[in-house]
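Heads up: the structure comes next, in structure tokens.
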Amino acid sequence: MRGPVRPRPHIMTWIDKALDGCSPQVVINDSKTPSGRAHVGSLRGVLIHDALARVARERGLEAAFMYGCDDMDAVDEIPHGTGEQFVEHLGKPLWAAPAPEGLRGESMAEAYFGEFTGKWFDAADPPADDAPGPFDTLGVEAEFYRMSDVYRSGRLDGIIDTFLRAAADVRQIYLRLSGAERSDDWLPFQPICERCGRIGTTYATDYDGESVAYECRPDLVGWAEGCGHRGLISPFGGNGKLPWKLEWAAKWKLFGVSIEGAGKDHMAASGSHEVSSALARQVLGCPVPVPVPYEFFTLGGVKMSSSRGIGMTSSDLVEMLPPQLLRYLVLRTQPRRSINFDLDVPSLTKAFVEYERLWRSAAGSDVRPNDSQLYSVTRASPAADVPLAPEFSPPFDSVLSLAQQPHRQLAEHVSSLGVELSDADSEWLARKEATARRLMASSPDLAGVVKMLDASEAAQQRGGLDERQRNFLEHCSQRLKNLPEWDSGAIQDALFEAARDVGIDPRSDAAVVFGALYRVLFGSETGPRAGSYLAFLGRHETLTRLG
RNA sequence: GCGCCUCUAGCUCAAUUUGGCAGAGCAACGGACUCUUAAUCCGCAGGUUCUGGGUUCAAGUCCCAGGGGGCGUACCA
């Protein structure tokens with residue numbers, strides 16, 4: 001038994017749940033280790049955290065989204081696409097290694113972090129142009145920080161002291177949770193070697209409250225060789241760093257983090273998140289932020305790997321898709337579920353349709369609360385008002401088809417159809433067109449889409465046709481040239497008449513006549529319905545191909 | 001080993017994250033248009049929601065057990 005349609009209540013989303021119980025001040029934290037070019041999967045965490053911050057602010061909470069650059073981490077492999085010259089830098093902090101050739105930035109950390117986020121810390125090396133960086137484009141509002149700055153500022157010194165004094169407890173937690181056995185003299189601290197500058201190869205012992213003894217061991221790790229130096233150094237003020245799992249807990253304590261998501265690689269049982277949580281609670285007496293575990297985001301089902309250079313870079317994807325569409329694709333799926341998206345014509349066409357449907361729904365009066373929230377977090381910039389959804393918005397595959405004609409502008413074409421676009425509609429259409437052009441540039445063979453020949457290729461194809469077909473094309477040309485109305489019905493009629501002109505029955509010998517057309521248009525025996533395609537193509541372009 | 005995800009129409013997936021009419025796209029099938037091989041329109045069909053239990057007035061959804069598939073993780077971040 002069902003009554004009349006009632007407004008649906010707002011169902012708790014993952015965003016609501018994460019924010020549930022957060023005090024008026026919400027600190028959301030995320031970070032990135034800039035050890036290579038960031039692939040698209042890295043965007044998911046960013047967008048999840050940004051969505052949380054955005055909704056928190058909409059509710060009147062004071063929300064900070066802090067985004068850290070983990071530049072104290074060691075260079076632990078040669079970044080993909082760079083040369084052997086990086087061997088000597090293995091083991092150094094990322095801020096101390098040079099930027100790979102061809103990338104902007106003064107250090108490896110700066111180069112990769114800047115490329116990914118658009119945030120350049122070093123004022124001495126500002127962007128060459130005013131183009132917004134990826135985070136700005138996506139409408140992500142974050143406060144950036146560098147771990148090297150945080151260490152140097154001394155703000156972590158108290159926590160470092162606590163951890164060093166509690167070294168036995170730390171060893172115990174490692175052993176209990178992950179089965180990692182550390183010898184009794186091991187201290188949870190990695191000094192930067194004063195002689196060779198490496199941080200990944202040092203082994204610290206004997207903390208006396210002011211300094212630690214350390215040895216830069218040649219064989220501590222397999223990926224870098226320490227210089228053998230022994231020294232005594234203060235663990236404070238940026239002379240070294242905490243190991244990863246301690247550093248994570250330290251950030252929670254220092255910043256008072258209330259929510260921090262993490263990829264599934266951190267969230268496995270006895271994984272780094274569990275260890276960090278135990279360290280935070282037991283050693284630092286600090287609550288663990290609300291966790292938001294999230295699955296991977298892949299393109300084309302390809303497993304990403306920044307170290308192996310597999311997968312599209314994040315900044316390339318940001319340039320390809322409209323920001324709201326990218327946000328939508330990532331945020332419409334709850335974090336624990338994996339996302340795969342194919343950058344092909346059917347998938348993009350569907351994605352645009354679905355996004356526009358959400359947009360229309362959000363702009364309507366009876367929007368469901370959950371849709372409203374989803375739409376809000378997909379906006380390219382946070383705003384209260386909802387713009388009208390586009391009235392005239394041709395499907396992506398049609399836009400792509402038109403964009404295959406390099407000299408023809410979509411806006412021009414649309415106005416020739418007699419459609420008047422609002423500013424917002426033309427902006428959206430332009431974004432769609434830009435996506436189509438980028439897609440064509442990145443994937444030359446688009447599955448399911450014909451590739452149009454240029455005039456000289458068409459002439460070549462005409463040479464391969466038989467006499468009847470050439471004759472047919474001539475008649476087509478004549479009839480189309482004189483056609484008073486350039487619309488698909490009239491064109492289709494003209495094609496049929498042209499076939500009859502030369503004594504071909506267009507019904508029974510469709511392959512002869514349409515085959516000829518498709519050959520000169522696409523170099524193919526088959527193609528889309530001719531009338532509507534030619535209507536879209538335009539008279540001039542058509543006639544140049546018919547000869 | 002441990003953890004997470006997943007199994008729904010022929011295919012790809014939805015079904016709103018604390019249960020409320022199992023739905024779309026494509027494919028297929030039937031029809032219309034003197035206008036196609038990949039057009040458009042109309043229509044039809046398609047299901048034991050992996051299996052077995054349980055909770056409930058009500059389960060694709062929640063709980064327990066089992067099975068298939070995918071991924072993560074073990075020392076580094």
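No hydrogens, no waters, no symmetry mates; every other heavy atom, side chains included, goes into these values. So that the names make sense, note that chain A is the first sequence line, chain B the second, and so on, each numbered from 1. As the structure is a computational prediction, the values presented were derived from the model and not from experiment.
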Using every non-hydrogen atom in the two residues, find where A:His89 and A:Val75 come nearest and quote the distance to one decimal.
O-CB, 3.7 Å
Every protein N/O within reach of nucleotides 59-63 of chain B N/O, cut-off under 3.5 Å:
none

Picking from B:G72, B:U37, B:A77, which would you name as closest to the side chain of A:Phe514?
B:U37
Roughly how many Å apart are B:A9 and B:A28, using the C1' atom of each and rounding to a whole number?
12 Å
Just compare B:C5, B:A77, B:U73 and give me whichever is closest to any side-chain atom of A:Gln190.
B:A77
Would you indicate which nucleotide in B:C4, B:C35, B:C76 comes nearest to any side-chain atom of A:Lys264?
B:C4
Considering only B:C75, B:U18, B:G72, which nucleotide approaches the side chain of A:Asp265 most closely?
B:G72
Across all strands shown, which nucleotide pairs with B:G1 by Watson-Crick or G-U wobble geometry, both distances under 3.5 Å?
B:U73
Say whether, by atom type as modelled, one donor and one acceptor occur between the side chain of A:Tyr151 and the main chain of A:Leu242 under 3.5 angstrom.
yes
Atom CG of A:Leu374 and atom P of B:A15: how far apart are they, to the nearest Å?
11 Å
Between A:Val512 and A:Thr333, who's closer to the 5' end of RNA chain B by nearest nucleotide?
A:Thr333
Considering only side-chain heavy atoms of A:Asp493, which listed nucleotide, B:A77, B:C35, B:C75, is closest?
B:C35
Pair A:Trp248, A:Glu260: side-chain N/O donor-acceptor within cut-off below 3.5 Å:
yes
Rounding to the closest angstrom, what is the interatomic distance between B:G19 and B:G60 at atom P?
13 Å
Looking at A:Tyr203, I'd like to know if the NZ or CZ of A:Arg217 sits under 6.0 Å from its six-membered ring centre while staying within 45 degrees of the ring's axis.
yes
Looking only at atom types and distance, does a side-chain atom of A:Arg198 sit under 3.5 Å from a main-chain N or O of A:Cys216, one as donor and one as acceptor?
no
Watson-Crick or G-U wobble mate for B:C13, both contacts under 3.5 Å
B:G23
List the steps, then state whether salt bridge (Lys or Arg N to Asp or Glu O under 4.0 Å) holds for A:Asp16 with A:Arg59.
CA-CA 11 Å; A:Asp16 301 321; A:Arg59 294 187 184 173; 2.3 Å; yes
Consider the side chain of A:Lys245, meaning its heavy atoms from C-beta on, and name the nucleotide among B:C76, B:G72, B:U37 that approaches it most closely.
B:C76
On a whole-Å scale, what distance lies between the C1' atoms belonging to B:A59 and B:G53?
14 Å
At 4.0 Å (heavy atoms only), tell me whether A:Pro243 reaches a base, stays on the sugar-phosphate, or touches nothing.
sugar-phosphate
With respect to the side chain of A:Arg337, which nucleotide from B:A14, B:A77, B:U37 is positioned closest?
B:A14
If pairing means Watson-Crick or G-U wobble with both distances under 3.5 Å, then the partner of B:C62 is B:G54
Report the nucleotide, chosen from B:C5, B:C76, B:C75, that has the shortest atom-to-atom distance to any side-chain atom of A:Trp223.
B:C76
Regarding A:Arg44 and the six-membered ring of A:Tyr294, is the cationic atom NZ or CZ under 6.0 Å from the ring centre and inside 45° of its axis?
no
Output the single nucleotide from B:A77, B:C76, B:U18 whose closest atom is nearest the side chain of A:Trp244.
B:A77
For A:Lys17 and B:U18, is the shortest distance between a side-chain N/O and OP1 or OP2 below 4.0 Å?
yes
Among B:U36, B:C75, B:C71, which nucleotide sits nearest the side chain of A:Tyr518?
B:U36
State whether A:Arg336 places a side-chain N or O below 4.0 Å from either non-bridging phosphate oxygen (OP1 or OP2) of B:C5.
yes
For the P atoms, the ones on B:U55 and on B:G72, what distance do you get once it is rounded to whole angstrom?
39 Å
Rounding to a whole Å, what distance do you find between A:Glu274:CD and B:C75:P?
12 Å
Test item: side-chain donor near acceptor, A:Asp50 and A:Tyr67, under 3.5 Å
no
Who does B:U37 pair with, Watson-Crick or G-U, both distances under 3.5 Å?
none
What is the nucleic acid contact for A:Ser178, judged by heavy atoms within less than 4.0 Å: base, sugar-phosphate only, or nothing?
sugar-phosphate
Check the pair A:Lys241, A:Asp73 against salt bridge (Lys or Arg N to Asp or Glu O under 4.0 Å), reporting the backbone distance first and the verdict last.
CA-CA 8 Å; A:Lys241 77 186 290 286; A:Asp73 292 3; 3.3 Å; yes
